[in-house]
Amino acid sequence: MCVWCVYNVCVVYNVMCVYNGVCICLFEAESSTYSYLLADAGSGEAVLIDPVLETQRVFGLKSAISVHSGASADIMLSEGDTIKFGQQSLTVRETPGHTDGCVTFVTGDQTMAFTGDALLIRGCGRTDFQQGCSKKLYESVHQQIFTLPGHCLIYPAHDYKGQTVSSVDEEKKFNPRLTKSLQEFVKIMDNLNLPKPAKIDIAVPANLVCGLHEV
């Protein structure tokens with residue numbers, strides 16, 4: 001997951017939700033990707049989570065990505081790191097399994113978690129490419145996301161059915177994969193037989209440089 005740190009934001013999109021700041025959801029239809037712009041209203045500082053290169057080019061930013069991703073960025077993130085923007089903050093929770101560099105960003109009050117490709121709504125990221133490991137993903141979700149408060153809202157990086165938000169309690173009860181035992185989960189993931197993801201040949205090289213290769 002890649003984060004862009006944005007300063008002095010003045011462009012306003014459709015507001016999705018409000019915590020102690022503003023959170024705006026952006027959707028890129030071709031890859032079914034959600035990006036999230038979180039802003040501190042007082043300072044104008046913001047972060048953009050999971051930007052899509054073709055549709056969300058903003059200049060004068062700092063990039064941040066997991067130290068385990070093998071990618072390059074201005075800021076390398078590790079477990080427990082805090083990203084501050086104005087009076088707001090996000091805490092980094094490492095959630096590998098889809099890739100080694102997957103992380104979940106949790107707001108300071110633990111009411112919102114941006115789970116990237118690890119935990120999706122009633123699903124999870126695939127584990128059949130890019131350092132994927134089903135056992136590691138299962139443990140990441142159960143130890144790093146399902147331990148958050150039950151009311152914590154889940155915002156994934158992708159959805160293919162038009163769903164936008166879930167909660168920790170909902171996914172612990174209703175996620176058809178992650179409510180299974182570890183052994184059952186691994187078997188499910190080993191037999192998904194999914195087609196090649198859209199834009200994967202573009203996305204993987206871009207992720208390695210945090211989307212900076214054409215900016």
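Leu178 places a side-chain heavy atom less than 4.5 Å from the side chain of Phe146. Residues Tyr138 and Gln143 are not in side-chain contact: their nearest non-hydrogen atoms beyond the backbone lie 4.5 Å or more apart. Side-chain contact check for Ser166 versus Arg122: some heavy-atom pair is nearer than 4.5 Å.
Heavy atoms from other residues, nucleotides or ligands lying under 6.0 Å from CD of Glu79 number more than 12.
There is no path of hydrophobic side-chain contacts, each under 4.5 Å, that joins Val165 to Val106. Using a 4.5 Å cut-off between side-chain heavy atoms of Ile, Leu, Val, Met, Phe, Trp and Tyr, with links allowed through other members, Phe174 and Leu148 fall into different hydrophobic clusters. Residues Leu192 and Phe129 fall into different hydrophobic clusters, defined by Ile, Leu, Val, Met, Phe, Trp and Tyr side chains chained together at heavy-atom separations under 4.5 Å.
Applying the side-chain hydrogen bond (donor to acceptor under 3.5 Å, both in side chains) criterion to Asn175, with sequence neighbours excluded, gives Glu171. Applying the side-chain hydrogen bond (donor to acceptor under 3.5 Å, both in side chains) test to Asp159 and every residue at least two apart in sequence or in another chain returns Gln163. Scanning for side-chain hydrogen bond (donor to acceptor under 3.5 Å, both in side chains) contacts around Gln110 gives an empty result, with sequence neighbours left out.
Residues Ser167 and Asp169 bring no donor and acceptor atom of their side chains to less than 3.5 Å of each other. Of the N and O atoms on the side chains of Ser89 and Thr82, not one donor lies less than 3.5 Å from an acceptor on the other residue.
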query: Could you walk me through whether Ile49 and Leu90 pass the side-chain contact (heavy atoms from CB on, under 4.5 Å) check?
result: CA-CA 11 Å; Ile49 300 174; Leu90 294 171; 4.0 Å; yes
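Side-chain atoms of Glu28 come within 3.5 Å of backbone atoms of Glu30 as a donor-acceptor pair (strictly under, hydrogens ignored). Counting only distance, with no hydrogens or angles, the side chain of Thr95 and the backbone of Ser140 share no donor-acceptor pair below 3.5 Å. Formation of a donor-acceptor pair under 3.5 Å by the Tyr36 side chain with backbone atoms of Pro156 is found in this model.
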